[in-house]
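So you know, we letter chains A, B, ... as the sequences are listed, proteins then strands, and number each from 1.
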Amino acid sequence: MPVYQCVSSAGLVSPDSRARIAREITRLHCELTGAPAAFVNVVFSEYTRGELFTGGEPSQNSIIAAEIRAGRDLETRHALLRELGGIWNEVTGQNEAEVLVAIKETPAENAMEGGLAMPMPGEEEQWMSENRDKLAALGWHVSE
Amino acid sequence: MPVYQCVSSAGLVSPDSRARIAREITRLHCELTGAPAAFVNVVFSEYTRGELFTGGEPSQNSIIAAEIRAGRDLETRHALLRELGGIWNEVTGQNEAEVLVAIKETPAENAMEGGLAMPMPGEEEQWMSENRDKLAALGWHVSE
Amino acid sequence: MPVYQCVSSAGLVSPDSRARIAREITRLHCELTGAPAAFVNVVFSEYTRGELFTGGEPSQNSIIAAEIRAGRDLETRHALLRELGGIWNEVTGQNEAEVLVAIKETPAENAMEGGLAMPMPGEEEQWMSENRDKLAALGWHVSE
């Protein structure tokens with residue numbers, strides 16, 4: 001966690017744009033939440049013509065869903081929503097009227113990475129420190 | 001929001017059936033919740049043989065997940081579940097024993113459309129009215 | 001419900017491995033929660049190269065998300081997370097450092113199977129018993 005799911009019309013986002021969006025979202029998430037980059041997943045998927053409808057009509061909208069650990073304050077969540085829309089608009093050129101951005105919250109105790117229960121928001125550094133040996137054995141790069 | 005995700009076996013739902021299901025779900029959501037049609041997304045995806053298992057065996061079940069803003073009363077949510085199953089059964093002919101329907105609730109404050117934080121359930125008209133100019137600039141058709 | 005979603009890199013999991021993972025997850029869920037096997041769905045999907053990024057870089061991690069009815073105690077949820085990671089590692093050989101496992105909880109009242117509202121966790125037997133005729137008519141095999 002987090003997992004950012006970006007769903008868009010086939011062909012809208014080039015491979016280069018995906019890489020750029022992934023870097024920008026990772027940077028944004030780390031800046032806003034203090035979580036380490038190694039936690040941040042961004043996954044892209046496409047739908048083909050006739051698979052998405054908005055208002056009952058075929059649509060080419062994009063849907064970005066951020067699955068994050070629960071507990072970020074409203075200011076952080078709203079900044080996340082705004083900036084996600086901004087990144088998407090800047091990289092793809094798609095009008096923000098055609099983008100739905102949503103956050104889904106999961107309690108930290110409901111997620112496990114590398115066989116370890118995830119830390120609560122704000123307790124990442126302590127968690128990384130306490131699990132340094134295990135994480136190193138797993139091949140994670142834990143900065144000092 | 002909402003986003004209705006319809007996952008079914010490849011070939012079960014024709015393009016025409018998709019369009020009809022999308023129109024029916026959009027109408028249903030608006031009738032039951034009072035939300036404007038422009039908010040309603042319906043997305044279809046297919047799995048291929050051997051990608052879904054039920055009870056440990058290969059299966060051709062369908063899964064419909066409605067991601068809606070939190071706060072609808074139980075009566076509305078149960079009507080939504082029942083009617084979704086009914087629409088699916090009527091259009092595809094698939095037996096309701098083979099359909100799982102679920103609602104996932106997201107707080108309105110966790111969603112943004114057109115760069116605007118979403119209104120609470122029941123506050124859609126006021127929100128549309130307050131944001132008329134911004135929505136019009138974004139190309140949304142806000143009815144009087 | 002539950003729905004176990006297993007997302008992995010194209011080609012990582014063979015059809016035989018999928019079948020085995022599905023059986024193991026179904027057994028695990030029933031053992032840990034007492035829910036009947038007929039409730040358990042496991043769905044596999046693949047992403048292709050360049051669709052997943054972790055820490056801003058292309059990645060071949062796997063993401064397993066268990067969508068379950070809300071109300072299982074923490075011990076059960078943590079056992080579920082640990083065992084899911086273990087099953088995945090054993091069958092696919094993928095290192096647990098490359099696997100994110102998460103549980104998403106949905107209230108039982110927000111799900112419907114076979115046209116029937118789902119029982120609360122722990123009330124499955126009573127529910128199966130009360131709805132035996134309806135379930136039989138739907139073609140479900142309800143054990144005595």
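No part of A/Leu84 comes within reach of chain B, as not one of its non-hydrogen atoms sits under 4.5 angstrom from that chain. Using a 4.5 Å cut-off between heavy atoms, B/Glu46 makes no contact with chain A at all. With a threshold of 4.5 angstrom between heavy atoms, A/Asn61 approaches chain B through side-chain atoms but not through N, CA, C or O. With a threshold of 4.5 angstrom between heavy atoms, A/Val101 approaches chain B through its backbone and through its side chain.
Annotation for B/Val3 and A/Leu100: closest pair CG2-CD2, 3.5 Å, computed over non-hydrogen atoms. What you find for B/Thr106 and A/Ile103 is that their closest heavy atoms are CG2-O, 3.4 Å.
Put simply, of A/Lys104, A/Glu96, A/Arg77, A/Glu57, the one with the most heavy-atom pairs under 4.5 Å next to chain B is A/Glu96. Among the candidates B/Val40, B/Thr26, B/Val42, the residue making the largest number of heavy-atom pairs closer than 4.5 Å to chain A is B/Val42. Top candidate by heavy-atom pairs under 4.5 Å with chain A, chosen from B/Met1, B/Arg18, B/Arg27, B/Glu105, is B/Arg18.
B/Glu123 CD: more than 12 foreign heavy atoms inside a 6.0 Å radius. Counted within 6.0 Å of CD on A/Glu125, heavy atoms from surrounding residues, nucleotides or ligands total 12 or fewer; the atom is thus considered open.
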>> With side-chain contact (heavy atoms from CB on, under 4.5 Å) as the criterion, how do A/Phe53 and B/Phe44 come out once you've worked through the C-alpha distance, each side chain's angles and the decisive distance to 0.1 Å?
In response: CA-CA 9 Å; A/Phe53 296 79; B/Phe44 295 86; 3.6 Å; yes

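Looking at A/His78, its side chain does come within 3.5 Å of a backbone N or O of B/Glu109 through a donor-acceptor pair.
Taking CG of A/Leu81 as the reference point, atom CG of B/Leu116 lies at 11.5 Å (rounded to 0.5 Å).
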